[in-house]
Amino acid sequence: MKDIIQQLIQQAIEGLISNKTLPPVTLPSIKVERTRDPSHGDLACNIALALAKSSGLAPRELATLICENLPANQLILSTEIAGPGFINFFLAKTAKTDVVLQILEQAACFGHNQQGHDEAGKPRNAQVEFVSANPTGPLHVGHGRGAAVGDSICRLLSASGWNVTREFYYNDAGQQINNLATSVQLRCQGVGPDDSQWPEDGYRGEYIVELAADYMAGKPINGALALAEANNSAAIRDYAVAYLRNEQDIDLKAFRVGFDVYSLESALYSEGKVDSTVAALIANGFTYEADGALWLKTTDFGDDKDRVMRKSDGSYTYFVPDVAYHLGKWQRGFKTVINEQGADHHSTITRVRAGLQALNVGIPKGWPDYVLHQMVTVMRDGVEVKISKRAGSYVTLSDLIEQVGCDATRYFLVARRADSQLTFDIDLALQKSNDNPVFYIQYAHARVCSVMRQAVEKWKPFDLTIGKEHLNLLTSDAELALLKTLAAYPDCVASSARDFAPHNVASYLRDLAANLHAWYASGSQQKEWQLLVADDTLRNARLTLAEASRQVIENGLELLGVSAPEKM
RNA sequence: GCGCUUGUAGCUCAGCUGGAUAGAGUACCUGGCUACGAACUAGGGGGUCGCAGGUUCGACUCCUGCCAAGCGCGCCA
């Protein structure tokens, strides 16, 4: 409908230009917006304000001219000029109820779009890397935020016509893994954090004890043998990594997050990708030797100082394999790559992009895209929770899922903008009331399902055909508000996908649920507004609207990875 | 000191690529069920959008400076 009005306005303005009423101005993009206030009509356009200056006319005068020259259209009841020069459009009934037919026809696909398609109409490839936790311990809340945000971005992109690859990158080759292996080995030998041999940067969590015990007990895990040899550091290292990767997989599965590709840092070394990347950087002249180390001139690409690539001990710094890894992504053909990670790693962005530019293989400057999430703090009983028993120094994702469930955890972690800090209130997530948006939204869904069950028991089965034919009977303020919100869903999906901003879906669903509850409650105030009225046509029209609303809630929750229960 | 991010109601946060009177929830006050699930809802009070300039017909939104908080500033990852 917005498109139609856009075109009509464009035709009107072009007409005014061709008959010389207006000078030949260049048209900005014509924005038609849904109004917030019903008294402003259904849709509004600010084009007269935008064009006032270049056309040399007063905004209201210009708006009048545009309205007078607007081609007639059955879907538009009337227009008015308001405020400084807005053109408000009042739509015909069918223009408002058509969305219900679209929803029922498209069902689970309603709201999807083709942003991700190329000129030929085929899905383009996008790759999203997220979580990418080091296999050195259980996933913590921050990883959970990354998982929830990253996975929802993937769902949004899929719904927007992209062919999405979800990828997890393991840093399984660096110093942190050495620390892990040492910690496990010491535990195997009966040494703990209280002993003098325990290293400063050893891992102290209880899970290291469990891991060491399983290794010594000879329990193989994911193909890694548990040799039970306390002095075999290579075997311990392999076992520890396999053990913790397996544990992370279990947590992610419980969180409804899956990946298509797992990439290992160690593979980049063993396949020679790191060496070849370094060789290319040297050959391109962006490196130099100093203080016994090899440096990359990242300052040539906007960094505030150059960075060491190869340490004086001969090993590489972490960002070198990162560059090799991202070169690989590019070579695999991904023009669109999004990395979702914690903001505490934001300094890597400049380095990785600098390294990619220095490779000079045609990678665009701002590639890849990054979505950074800020820190999460967990509150319970009004106090910050900082530790879990197993991990020792942080709250684990599995703790949260266990305490408040997957649905609430996912919703809360994705409901805020990624770049603002998040306080996860466990008490709130556990509440089953209006305070808790997850339950509020799920309750709206369950409520519609309940009404449908009641309809069958008290009257006749819901007849969609009758309902669709009598949507014009939907006339109350609550019904009109609901229709308007439903019509906004596709835009919500499109803009959320474009901005990699799943939190918009979360707040949309809250609004939609509120509209639904308000409509339902209007029937408690006045019986004639109930959904289940005696009149067959009216009842079925309302149930059709209810079913469409239910469908959109289900679709939206799906984008967040949250379930849509029929009973609660 | 430098960089990134944030600063909106007492609290937790939205605010759609600048648009009409800045919105929700919570908390506080006042109403609504012999129930289509009240796990809900109607209404009220509550704001110098961190501060100060600038751009614009119009700024919470864009630019500059300052203030405050978080994160980063390793030959750790």
Side-chain angles (χ1 to χ4, degrees), chain A residues 29 31 33-37 40 44 46 49-50 52-53 58-59 82-86 88 134 136 171 173-177 179 201 265 291-295 303-305 307-313 315-319 321-322 342-350 372 374-375 415-423 425 428 431-437 439-440 442-444 446-455 457-459 488 491-492 494-496 498-499 501 503-504 506-508 510-511 514 516-518 520-525 527 530-533 539 542-543 546 567-568:
Chain A
S29 68
K31 279 181 276 186
E33 298 177 315
R34 255 175 286 279
T35 55
R36 188 168 271 176
D37 184 341
H40 293 153
N46 67 348
L49 292 159
K53 198 165 197 181
F86 291 100
N88 294 338
N134 291 353
T136 55
N171 289 108
Q175 183 56 35
Q176 301 298 341
I177 298 295
N179 294 344
D201 46 6
E265 183 188 9
D291 304 328
L294 181 68
W295 297 70
D303 205 352
D304 48 7
K305 56 183 172 185
R307 305 291 167 176
V308 169
M309 292 172 61
R310 193 173 57 218
K311 300 180 250 180
S312 46
D313 69 0
S315 66
Y316 294 111
T317 54
Y318 72 94
F319 88 92
D322 251 20
D344 53 341
H345 289 98
H346 78 257
S347 58
T348 69
I349 298 175
T350 316
L372 302 178
Q374 297 287 334
M375 310 216 72
R416 304 283 185 240
R417 294 169 51 200
D419 51 16
S420 74
Q421 290 174 50
L422 173 68
T423 303
D425 186 337
L428 179 59
Q431 280 185 44
K432 302 189 173 185
S433 72
N434 197 0
D435 311 3
N436 184 341
F439 282 90
Y440 184 81
Q442 290 183 320
Y443 177 48
R447 205 173 209 183
V448 171
C449 294
S450 171
V451 170
M452 291 298 179
R453 290 190 293 267
Q454 290 285 327
E457 287 172 25
K458 294 196 175 179
W459 306 92
D491 282 346
C492 171
S495 64
S496 301
R498 186 198 59 210
D499 301 337
H503 75 278
N504 286 330
S507 51
Y508 171 86
R510 227 239 155 242
D511 284 350
L516 201 49
H517 286 309
Y520 180 93
S522 69
S524 302
Q525 320 288 324
K527 296 293 179 193
Q530 289 199 345
L531 276 71
L532 298 182
V533 290
R539 186 180 68 251
R542 288 180 176 165
L543 289 175
K567 285 183 183 173
M568 293 172 70

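So that the names make sense, note that chain A is the first sequence line, chain B the second, and so on, each numbered from 1.
What separates OH of A:Tyr440 from C1' of B:G37 is a distance of 15 Å, to the nearest Å. In this entry the distance linking CZ of A:Arg510 with C1' of B:C40 reads 11 Å, nearest Å. Distance CD (A:Gln421) to C1' (B:C11): 16 Å, rounded to an integer number of Å. Residue A:Gln525 contributes atom CD, which lies 11 Å from atom C1' of B:G43 at whole-angstrom precision. The CG atom of A:Asp313 sits 18 Å away from the P atom of B:G74 (whole-angstrom rounding). In this entry the distance linking CE of A:Met375 with C1' of B:U6 reads 14 Å, nearest Å. Here the C1' atom of nucleotide B:A14 and the OH atom of A:Tyr508 are 16 Å apart, to the nearest Å. Put simply, CG on A:Leu516 is 16 Å from P on B:C36, counting in whole angstrom units.
B:C57 and B:G65: their P atoms are spaced 24 Å apart (whole Å). Comparing the same atom, P, in B:U56 and in B:C51 gives a spacing of 23 Å after rounding to whole Å. B:C63 and B:C13 have their C1' atoms separated by 27 Å, given to the nearest Å. Spacing between B:U48 and B:G1 at atom P, rounded to whole Å, works out to 30 Å. To the nearest whole angstrom, the two P atoms, one in B:C33 and one in B:A42, are 15 Å apart. Atom name P, nucleotides B:G25 and B:A9: the rounded distance is 16 Å, in whole Å. Nucleotides B:G44 and B:G54, compared at atom P, are 37 Å apart to the nearest Å. The gap from the P atom of B:C29 to that of B:U21 amounts to 33 Å, rounded to the nearest Å.
At the heavy-atom level, A:Ser420 lies under 4.0 Å from the strands shown only through sugar-phosphate atoms. When heavy atoms are screened at a 4.0 angstrom cut-off, A:His517 is found touching the sugar-phosphate backbone but no base atom.
Base pairing annotation: B:U12 forms a Watson-Crick or G-U wobble pair with B:A24, both donor-acceptor distances under 3.5 Å. Nucleotide B:G46 has no partner under the Watson-Crick or G-U criteria, as no pair reaches both atom distances under 3.5 Å. In this entry B:G3 has B:C71 as its Watson-Crick or G-U wobble partner, both defining distances falling under 3.5 Å. Across all strands shown, B:U61 has no partner, as no Watson-Crick or G-U wobble contact with both distances under 3.5 Å is found.
When distances are taken from the side chain of A:Arg416 to each of B:A14, B:C36, B:A77, the shortest belongs to B:A14.
Contact annotation: side chain of A:Thr317 to base of B:C75, donor-acceptor pair absent below 3.5 Å.
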